[in-house]
> 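Please find one structure pasted underneath; my questions will follow.
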Amino acid sequence: FDGKYLGHETFLTKIEDFPETSEPVWILGQQFSALTEKDEILADVTSRLWFTYRKNFQPIGGTGPTSDTGWGCMLRCGQMILGQALICRHLGRDWRWSPGQRQRAEYINILNAFIDKKDSYYSIHQIAQMGVGEGKSIGQWYGPNTVAQVLKKLAVFDSWSRLAVHVAMDNTVVIEEIKRLCMPWLDFDRGACAVSEEPREMNGDLEGACALAEEETALWKPLVLLIPLRLGLSDINEAYIEPLKQCFMMPQSLGVIGGKPNSAHYFIGFVGDELIYLDPHTTQPAVDPNEDEQFPDDSYHCQHPPCRMHICELDPSIAAGFFCQTEDDFDDWCAQIRKVPKP
């Protein structure tokens, strides 16, 4: 199904202001009123990282493409969902972007992880080259599952964020498997409270557990849970519409990557039966940060009302994302998922 996410620079999206409706607007686990909180909605959407096609960056692999226009839309959506995880990890869900002002160091570090250069953790270069191991040649289109698997592999090298990225296959989340991943220094075979005598590597970093000792997450590696799903054959099955909406209402929500035939989008919420999304199909020049100046970050935020589309237009192949900063967050997510009506 990967080939359906082609994406073209000429793809146009109808951008409108939010409708005058009393129905709640849900964005990544937060509820707004379209009647009284339009400024707050726009501020929240604008604060999300917006990754789009870029041109004139360093050739991928040294001799490869210098632009991802026409093939990189799902890769950019993968960057956006992981970028949201990093914002939650380092800045918190309630953080807001202030254009033109000096930004926090954590925010600059996050952006640097996505700059279009070969040595950035989550650059288009890294994603495209890591995808070769998933059977995708550089410049080939990805589906949601492929980009999820690539992000999982790349996160291992991000020793600053120390994320545990888990891709739940076959529509199944195995709780014990995730707890082993997020608490690798515990010996589950001897009981949940038994600490292993041997230090275990964490994202390639033996001192990982010690580095987290002063944080609230000392006994839990922050979890990014990506769940590839198929919600129908060629079209979304209507039975999945309400459960999908409930995913956006959970405080752990990172949104959904997917799209409609020929284009991939990053879905961040809904109002009524319309999905709210960020669209990567705009080609912008690559940014080359100057160490002597403030990071030029305006082009990494969508400063107009977000795009919307009817939920029935959604291609059924998606990946939903969730972020659990603590074990309590994960336990709460499990409790919420159990309450979601099964189609």
Side-chain angles (χ1 to χ4, degrees), residues 5-11 46-87 90 97 99 103 105-134 136-142 146-161 163 165 257 259 263-266 278-303:
Y5 295 94
L6 312 186
H8 300 284
E9 185 177 7
T10 55
F11 182 82
T46 300
S47 297
R48 302 313 111 216
L49 292 178
W50 181 44
F51 295 117
T52 70
Y53 290 151
R54 297 275 173 173
K55 61 182 178 180
N56 303 326
F57 48 66
Q58 299 169 353
I60 296 175
T63 57
T66 58
S67 171
D68 61 309
T69 298
W71 60 271
C73 55
M74 182 57 81
L75 286 72
R76 296 300 185 179
C77 290
Q79 288 182 322
M80 284 190 268
I81 198 169
L82 191 70
Q84 179 59 22
L86 294 184
I87 284 179
H90 298 290
W97 177 62
Q103 305 293 344
E106 296 94 334
Y107 166 78
I108 301 300
N109 286 344
I110 291 169
L111 267 188
N112 272 317
F114 295 95
I115 291 296
D116 300 312
K117 292 185 174 180
K118 63 177 177 15
D119 53 353
S120 297
Y121 287 133
Y122 308 110
S123 65
I124 194 81
H125 299 65
Q126 292 282 2
I127 296 175
Q129 291 187 285
M130 188 65 80
V132 173
E134 295 294 320
K136 299 292 180 183
S137 57
I138 294 172
Q140 190 176 355
W141 305 302
Y142 284 27
T146 301
V147 80
Q149 298 292 349
V150 167
L151 293 175
K152 174 184 176 179
K153 290 181 177 180
L154 290 176
V156 172
F157 302 100
D158 182 0
S159 56
W160 175 55
S161 298
L163 296 173
V165 178
I257 55 175
S263 58
H265 302 314
Y266 173 42
L278 296 178
D279 188 348
H281 299 87
T282 298
T283 302
Q284 304 187 87
V287 172
D288 191 4
N290 186 329
E291 292 181 6
D292 300 327
E293 298 177 11
Q294 183 64 17
F295 198 112
D297 64 340
D298 275 30
S299 67
Y300 290 99
H301 296 273
C302 183
Q303 297 176 63

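Hydrogens, waters and symmetry mates play no part in the numbers below; they use all other heavy atoms, side chains included. Residues take their numbers from the sequence shown, with the count starting at 1. Given the structure is predicted, the values throughout are model-derived calculations rather than measurements.
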> So, taking the atom named CH2 in W97 and the one named CG in L49, what distance separates them when rounded to the nearest 0.5 Å?
10.5 Å
> Quick one: does T66's side chain get under 4.5 Å of K55's, heavy atoms only?
no
> How many angstroms lie between atom CG of D116 and atom CG of D288, to the nearest 0.5 angstrom?
10.0 Å
> Ignoring hydrogens, what is the shortest heavy-atom contact between D297 and Y107? Give both atom names and the distance.
OD2-OH, 2.6 Å
> Which pair of heavy atoms, one from V165 and one from A155, lies closest together, and at what distance?
CG2-CB, 3.5 Å
> What heavy-atom pair brings P59 and G64 nearest, and what distance separates the two atoms?
CB-O, 3.5 Å
> Using atom types as modelled and distance alone, determine if a side-chain donor or acceptor of W141 lies under 3.5 Å from a backbone N or O of K136.
no
> Check D68 with R54, please: is the shortest side-chain N to carboxylate O separation under 4.0 Å?
no
> Using every non-hydrogen atom in the two residues, find where S123 and Q79 come nearest and quote the distance to one decimal.
C-NE2, 3.6 Å
> Consider only side-chain N and O atoms of D279 and Y266, and report whether a donor and an acceptor are under 3.5 Å apart.
no
> So does C302 get a backbone contact from the side chain of T46, meaning a donor-acceptor N/O pair under 3.5 Å?
yes
> Any chance you could measure Q103, atom CD, to I110, atom CD1, to the nearest 0.5 Å?
11.0 Å
> Do H301 and W50 have ring centroids that are under 6.0 Å from one another?
no
> Shortest non-hydrogen contact from F114 to L82?
CZ-C, 4.2 Å
> Would you confirm whether D158, through its side chain, and S161, through its main-chain N or O, come within 3.5 Å as a donor-acceptor pair?
yes
> Determine whether a donor-acceptor pair (N or O, by modelled atom type, separation under 3.5 Å) exists between the side chain of Q284 and the backbone of S299.
yes
> Are a donor atom and an acceptor atom from the side chains of Q140 and S137 found within less than 3.5 Å of each other?
yes
> Would a distance-only check, ignoring hydrogens and angles, find a side-chain to backbone donor-acceptor pair under 3.5 Å from Q126 to D119?
no
> So, T282 and T52: side-chain donor and acceptor under 3.5 Å apart, yes or no?
no
> Between the main-chain N or O of I115 and the side-chain N or O of S120, is there a donor-acceptor pair closer than 3.5 Å?
yes
> Is the F57 to H125 ring centre distance short of 6.0 Å?
yes
> Dump the intermediate steps for side chain to side chain contact (heavy atoms under 4.5 Å, CB included) on E106 and W160, then the final yes or no.
CA-CA 10 Å; E106 296 94 334; W160 175 55; 4.3 Å; yes
> State the CG-CG distance between L151 and L75, to the nearest 0.5 angstrom.
8.5 Å
> For residues F51 and I124, determine if any side-chain heavy atom of one lies less than 4.5 Å from a side-chain heavy atom of the other.
no
> Which atoms form the tightest heavy-atom contact between M80 and L278, and what is the distance?
SD-CB, 3.9 Å
> Are any of the side-chain heavy atoms of K153 and E134 separated by less than 4.5 Å?
yes
> With a 3.5 Å cut-off and no angle check, do the side chains of Y121 and N112 form a donor-acceptor pair?
no
> Name the orientation class of the two ring planes belonging to H281 and H265 (parallel below 30°, tilted from 30 to 60°, perpendicular beyond 60°).
perpendicular
> Between K118 and I60, does a side chain to side chain contact (heavy atoms under 4.5 Å, CB included) hold up when you go through it step by step?
CA-CA 7 Å; K118 63 177 177 15; I60 296 175; over 6 Å; no
